[in-house]
Amino acid sequence: YTSDVYKRQTGGGQPVKLTSGGLNPQNLVWSLDGARLAFNSWPCADAAECPAAELYVVTIPGGQLTRLTNNTVYDGDPAWSPDSAWLAYETGPTASTALHLISAAGGSPVPLVTAAANTDPAWSPDGAFIAYVKATGDAFTTFLEIIRPTGSDARRLIDVGQEALFNPTWSADSQSLTIGQQITPCG
């Protein structure tokens, strides 16, 4: 199957189609300036025939589509920088995803975190840090870590062992993070 992205005003009116055929958009994220939408998509109808998901940006309004990545691995879960100039995203095979940055205008990806499996990037509202979940080892031990967009000052904030962490979210003042934790039921 394929699907498209539509925009509709909450006050009414007709939906506006922003993409057309051949894409399977997922993980749609608005830029903070409201001018663009980022997402990942498999550029063919059958994901089994097309195992690499790529990153795209579409302008609002206008619907100009730009493909940001083009490789043979998964590129997904984009997160906008507060100035809407950059995207942080996961890239690589599922078990060993790295985090990269890429200009929202296109260009070469910049590696940010390359060891282990790194997921769920989230920029702090002040742009100073990117939070992410790191998983290591066969037991899939997870940690919450932060790093500056320059790749410096990496810090581990939470180590919960074998319980899965997900979806780090920053407070508006960039001073706190919330994180989901999957709890294994007893018994």
Side-chain angles (χ1 to χ4, degrees), residues 1-71 74-91 94 97 99-107 109 112 118-133 144 146 149 164-182:
Y1 74 93
T2 62
S3 55
D4 288 308
V5 177
Y6 289 82
K7 176 187 164 212
R8 169 143 181 172
Q9 299 290 31
T10 57
Q14 294 297 313
V16 176
K17 189 175 183 178
L18 300 176
T19 64
S20 43
L23 295 176
N24 296 297
Q26 297 181 3
N27 302 311
L28 292 93
V29 185
W30 282 97
S31 61
L32 296 179
D33 64 8
R36 292 166 290 179
L37 191 66
F39 59 91
N40 61 274
S41 177
W42 282 262
C44 56
D46 184 356
E49 294 177 14
C50 188
E54 306 298 348
L55 285 183
Y56 293 83
V57 170
V58 63
T59 58
I60 312 292
Q64 180 178 342
L65 186 67
T66 302
R67 184 175 179 168
L68 297 179
T69 61
N70 186 12
N71 57 47
Y74 174 82
D75 294 328
D77 285 336
W80 287 97
S81 62
D83 64 2
S84 301
W86 291 87
L87 289 159
Y89 66 99
E90 302 171 23
T91 183
T94 305
T97 52
L99 292 182
H100 284 189
L101 302 178
I102 194 165
S103 167
L112 185 63
N118 304 283
T119 63
D120 296 345
W123 287 79
S124 61
D126 65 6
F129 285 97
I130 298 170
Y132 60 97
V133 174
L144 173 63
I146 60 174
L165 295 174
F166 57 92
N167 196 26
T169 306
W170 289 91
S171 62
D173 65 3
S174 300
Q175 298 302 304
S176 301
L177 279 159
T178 58
I179 188 84
Q181 180 181 3
Q182 179 180 341

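Just so it is clear, the values below take in all heavy atoms, side chains as well, and ignore hydrogens, waters and symmetry mates.
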Is there a donor-acceptor pair closer than 3.5 Å between any side-chain N or O of Ser176 and the backbone N or O of Ser171?
no
Expected output: side-chain Thr69 to main-chain Glu54 donor-acceptor under 3.5 Å
no
Between CH2 of Trp123 and CG of Asp83, what distance do you get to the nearest 0.5 Å?
7.0 Å
How long is the gap from CG on Asn167 to CG on Leu144, to the nearest 0.5 Å?
11.0 Å
From Tyr132 atom OH to Thr97 atom OG1, the distance as rounded to the nearest 0.5 Å:
11.0 Å
Is there side-chain contact between Leu165 and Gln181, with heavy atoms separated by less than 4.5 Å?
yes
Nearest heavy-atom neighbours spanning Pro109 and His100
CB-ND1, 3.7 Å
Min side-chain heavy-atom separation Pro125-Pro82 under 4.5 Å:
no
Are Asp75 and Thr91 linked by a side-chain donor-acceptor pair shorter than 3.5 Å?
yes
dist Asn40:CG -> Tyr74:OH (nearest 0.5 Å) comes out at 4.0 Å
I'd like to know whether Ile60 forms a side-chain contact (heavy atoms from CB on, under 4.5 Å) with Trp30, so could you lay out the CA-CA distance, the side-chain angles of the two residues, the decisive distance to 0.1 Å, and finally the verdict.
CA-CA 10 Å; Ile60 312 292; Trp30 282 97; 3.6 Å; yes
Does the Thr59 side chain pair with the main chain of Gln64, one donor and one acceptor, at a distance under 3.5 Å?
yes
Let me know which of Val29, Asp77, Leu101, Ile102 forms a side-chain contact (heavy atoms from CB on, under 4.5 Å) with Tyr89.
Ile102
Carefully, step by step, assess Phe39 and Thr19 under the rule side-chain contact (heavy atoms from CB on, under 4.5 Å).
CA-CA 11 Å; Phe39 59 91; Thr19 64; 4.0 Å; yes
Closest heavy-atom pair, Leu177 versus Pro168, reported as atoms and distance to 0.1 Å, is CD2-CB, 4.3 Å
Kindly give the heavy-atom pair with the smallest separation between Tyr56 and Ser41, and that separation in Å.
CE1-CB, 3.8 Å
Give a yes or no answer on whether the side chain of Thr169 reaches the backbone of Thr178 with a donor-acceptor pair at less than 3.5 Å.
no
Spell out, as yes or no, whether a donor-acceptor pair under 3.5 Å connects the side chain of Ser31 to the backbone of Arg36.
yes
Rounded to the nearest 0.5 Å, what's the gap from CG on Asn118 to CD1 on Ile130? Could you check?
11.5 Å
Looking only at atom types and distance, does a side-chain atom of Glu90 sit under 3.5 Å from a main-chain N or O of Asp120, one as donor and one as acceptor?
yes
Restricting to non-hydrogen atoms, name the atom on Ala104 and the atom on Val57 that form the minimum distance, rounded to 0.1 Å.
O-CG2, 4.2 Å
Minimal heavy-atom distance between Leu87 and Pro78, with the atoms involved, is CD2-CB, 4.0 Å
Contact summary for Trp170 and Ser124, nearest pair of heavy atoms
NE1-N, 3.4 Å
